[in-house]
Amino acid sequence: MFDDICAISTPYGVGAISIVRCSGPNSIKLVNNIFKGKDLTKAKAYTINYGHIVDKDEVIDEVLCNIYHNPNSFDGEDMVEINCHGGIFVTNKVLELLLKSGFRMAERGEFSKRAFLNGKIDITQAEAIMDIISSDNDISLKASNDSLRKSTKNLITSFREKILDLIAKIEVNIDYPEYDDIVEVTNDYLKPIISDMLKDMEEIIRNSLISTIAIHGINTVIIGKPNVGKSSLLNLLLNEDKAIVSDVAGTTRDIVEGKINIGNITLNLLDTAGIHDAEGIEAIGVNKSIEALNKADLVLLVLDSSRDLDDDDYKLLEETKNKKRIVIANKKDLNKKWSNDEAIYMSTFDENDIKLLEEKILEITRINEFSSFNGKYLNNIRQKDLLFKASLALKEANKAIEDNVGIELIEINLKESFNYLGEITGESNPEELLNALFSKFCLGK
């Protein structure tokens with residue numbers, strides 16, 4: 001049986017209302033001990049009860065208490081949500097009083113973890129909750145809401161049911177070969193079923209390369225030589241002077257970060273120090289730029305169109321040729337010294353030119369294809385990687401069929417795929433994975 005936990009569920013700071021969430025077998029009784037008003041132990045579920053939180057005879061705050069009874073609550077336990085005034089001091093006073101009254105502080109994500117362990121949500125729904133909270137665009141919000149409504153679970157469950165049916169039929173064929181009314185499972189019987197599943201999985205994996213970008217944003221690095229306009233581009237995109245702009249080369253010596261929405265894609269932007277041969281403190285910035293380049297999903301390579309390309313420019317073009325990149329020929333308002341069919345010519349001082357960049361980003365990331373996926377996608381890299389492993393196991397099964405291996409050995413590959421799929425929804429997750437996953441949540445979730 002779980003013990004009684006509590007935590008502040010709203011963002012920490014001054015606001016109109018703060019919510020302190022309490023859960024556990026004795027949660028209603030423990031809150032009632034410090035509540036002056038209606039007896040909460042007799043209150044009906046889904047009611048809001050007016051009163052005061054008190055410390056002996058001292059009134060701490062005027063509150064509203066929402067009552068939920070198990071199993072029909074978010075985490076499947078008795079719950080109380082205390083709506084108090086949103087000051088930092090008063091919220092902490094309520095929390096301190098709860099801790100003195102028999103609650104313990106909830107761990108990160110513990111409410112959602114209990115919801116999972118009590119069968120109220122699966123892992124994909126738990127992830128969707130955090131994705132909704134951190135949504136930055138319409139696509140991200142829609143995908144997260146769909147997953148919360150079990151779209152991801154239903155997608156994975158469909159695969160698991162097909163594989164489980166095959167495993168069951170193989171077991172019956174092995175254990176009860178004398179039965180005449182069972183389906184005879186042969187390699188010819190298995191191959192088309194497995195091939196169809198593989199085709200569907202591969203489509204979902206392809207779609208997920210785009211959907212994960214749409215949901216979580218694309219890590220974008222701005223690179224180029226010193227003084228080509230990288231920081232000006234960052235400021236233009238962010239619509240603020242976040243990076244120092246100077247005619248002096250090497251002004252940017254550290255990574256400058258920002259986040260923007262372009263259409264329905266979020267860019268997690270990094271402006272870097274100019275990449276060139278450098279010494280001393282400048283060399284540290286250059287090394288950080290190279291690290292950022294290696295980790296980036298999208299590269300905005302800025303070149304100066306008013307100067308001839310030199311060895312450093314050609315080196316950057318070569319180093320990024322296999323990356324998803326956009327070549328930006330900056331300073332088009334000055335005399336143009338070179339041309340390149342791949343580059344888009346713009347000026348970081350012309351806000352109208354930003355539209356050219358937006359269109360190119362949408363084209364290269366293919367985000368506009370998202371609307372045609374019809375639910376056949378996954379929401380994050382963890383899910384996609386596990387589906388990829390499940391597909392590899394099915395490919396091994398197909399190879400075994402082609403090699404005319406016995407069905408009892410093919411069954412091993414099917415079980416492996418079945419278990420990887422179960423990890424996506426949490427139906428075969430080890431405890432360590434659960435702890436790692438839910439530790440990313442905030443305390444009140």
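Worth saying up front: this structure is predicted, and the values here are computed from it rather than measured.
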Q. Is the side chain of R21 donor-acceptor paired with the backbone N or O of A7 at a distance under 3.5 Å, no angle test?
A. no

(Q) Checking the side chain of N32 only, and the main-chain atoms of I28 only, is there a donor and an acceptor separated by less than 3.5 Å? (A) no

Q. Within the side chain of K230, is there an N or O that forms a donor-acceptor pair under 3.5 Å with the backbone of K225?
A. yes

Q: Answer whether the closest heavy-atom distance between the side chains of I163 and S417 falls below 4.5 Å.
A: yes

Q.
What I'd like to find out is whether the side chain of S391 reaches to under 4.5 Å of the side chain of I205, using heavy atoms alone.
A. yes

**Q.** Any donor-acceptor N/O pair, N380 side chain to R382 backbone, under 3.5 Å
**A.** yes

**Q.** Side chains of N118 and D75, donor plus acceptor under 3.5 Å
**A.** no

Q.
Measuring from atom CG of L394 to atom CG of L414, what distance do you get when rounded to the nearest 0.5 angstrom?
A. 6.5 Å

**Q.** Worked check of salt bridge (Lys or Arg N to Asp or Glu O under 4.0 Å) between R160 and E427
**A.** CA-CA 11 Å; R160 293 193 95 213; E427 294 171 79; 3.2 Å; yes

Q. Rounded to the nearest 0.5 Å, what separation is found between the CD1 atom of I5 and the CG atom of L98?
A. 12.0 Å

Q) Closest heavy-atom contact between A143 and I215? A) CB-CD1, 3.6 Å

**Q.** Reported CG-to-OG distance for the pair N330 and S232, which is rounded to 0.5 angstrom
**A.** 7.0 Å

Q. Looking at OG1 of T124 and CG of L155, how far apart are the two atoms once the value is rounded to the nearest 0.5 Å?
A. 10.0 Å

Q. Is the backbone N or O of S27 less than 3.5 Å from a side-chain atom of D4, with the two atoms forming a donor-acceptor pair by type?
A. yes

(Q) Walk me through whether D146 and K142 qualify under salt bridge (Lys or Arg N to Asp or Glu O under 4.0 Å). (A) CA-CA 6 Å; D146 286 346; K142 179 187 182 305; 2.7 Å; yes

**Q.** Shortest non-hydrogen separation from N70 to G76 and the atoms involved
**A.** CB-O, 3.2 Å

Q) Given side chains that start at C-beta, do those of I401 and I410 come closer than 4.5 Å, heavy atoms only? A) yes

Q: Check step by step if side-chain contact (heavy atoms from CB on, under 4.5 Å) holds for I424 and I123.
A: CA-CA 7 Å; I424 294 176; I123 290 292; over 6 Å; no

Q. Counting only heavy atoms not in E184, do more than 12 fall under 6.0 Å of its CD?
A. no

Q. Does D122 offer a backbone N or O that forms a donor-acceptor pair with the side chain of T425 under 3.5 Å?
A. no

**Q.** Donor-acceptor contact below 3.5 Å, side chain E77 vs main chain G24
**A.** yes

Q) Quick check: are there more than 12 heavy atoms from other residues, nucleotides or ligands sitting under 6.0 Å from CZ of R104? A) yes

Q: Quick one: do E402 and K399 satisfy salt bridge (Lys or Arg N to Asp or Glu O under 4.0 Å)? Show the steps, please.
A: CA-CA 5 Å; E402 292 170 359; K399 185 177 183 301; over 6 Å; no

Output side-chain donor-acceptor pairs under 3.5 Å for residues 192-202, partner residues at least two apart or in another chain, one line each.
unit_1 : atom_1 : unit_2 : atom_2 : d
S195   : OG     : K191   : O      : 2.9
S195   : OG     : N398   : ND2    : 3.4

Q.
Looking at D3 and R114, is any side-chain nitrogen of the basic one under 4.0 Å from a carboxylate oxygen of the acidic one?
A. yes

Q: Of all the heavy-atom pairs spanning L387 and L421, show the shortest one and how long it is.
A: CD1-CD2, 3.7 Å

Q. Near I381 CD1, under 6.0 Å, is it more than 12 heavy atoms from other residues, nucleotides or ligands?
A. no

Q | E359 CD to I344 CD1 distance, which is reported to the nearest 0.5 Å | A | 9.0 Å

Q. Backbone N or O of L64 within a donor-acceptor pair of the N83 side chain at under 3.5 Å?
A. yes

(Q) If you define the side chain from C-beta out and look only at heavy atoms, does anything of C84 sit under 4.5 Å from T91? (A) yes

(Q) Less than 4.5 Å apart, side chain to side chain, heavy atoms only: is that true for S140 and T266? (A) no

Q) Of all heavy-atom pairs between L166 and L190, which one has the smallest distance, and what is that distance? A) CD2-CD2, 3.9 Å

Q: Would you indicate whether K150, at its atom NZ, is surrounded by more than 12 heavy atoms from other residues, nucleotides or ligands within a distance under 6.0 Å?
A: no

Q. So does L409 have more than 12 non-hydrogen atoms from other groups sitting under 6.0 Å from CG?
A. yes

Q. Run the side-chain contact (heavy atoms from CB on, under 4.5 Å) check on L40 and V31 step by step: do they pass?
A. CA-CA 8 Å; L40 298 181; V31 173; 3.8 Å; yes

Q: Give the minimum heavy-atom separation between K29 and T41, together with the two atoms involved.
A: CA-CG2, 4.0 Å

(Q) I'd like to know whether CZ of F373 has more than 12 heavy-atom contacts from other residues, nucleotides or ligands below 6.0 angstrom. (A) yes

Q: Kindly indicate, with the supporting measurements, whether the criterion side-chain contact (heavy atoms from CB on, under 4.5 Å) is fulfilled by N207 and E203.
A: CA-CA 6 Å; N207 292 347; E203 180 187 1; 3.9 Å; yes

Q: For the pair N219 (side chain) and A296 (backbone), establish whether a donor and an acceptor sit closer than 3.5 Å, ignoring hydrogens and angles.
A: no

Q: Indicate whether the side chain of E127 and that of N379 have a donor and an acceptor atom separated by less than 3.5 Å.
A: no

Q. Any side-chain heavy atom of I129 within less than 4.5 Å of one from F74?
A. yes

Q) Any side-chain heavy atom of D131 within less than 4.5 Å of one from H216? A) yes

Q) Where do K93 and D61 land on the side-chain contact (heavy atoms from CB on, under 4.5 Å) test, with the steps shown first? A) CA-CA 9 Å; K93 285 287 288 185; D61 195 21; over 6 Å; no

Q. Quick check: does any side chain N or O of T186 sit under 3.5 Å from a backbone N or O of Y189, one acting as donor and the other as acceptor?
A. yes

Q) Where do E411 and I170 come nearest, in terms of heavy atoms and distance? A) OE1-CG2, 3.7 Å

Q: Indicate yes or no: at least one non-hydrogen side-chain atom of I223 is less than 4.5 angstrom from one of V302.
A: no

Q: Could you tell me how the ring of Y46 sits relative to the ring of Y68: parallel (under 30°), tilted (30 to 60°) or perpendicular (over 60°)?
A: perpendicular

**Q.** CD1-CD1 distance between I210 and I218, expressed to the nearest 0.5 angstrom
**A.** 10.5 Å

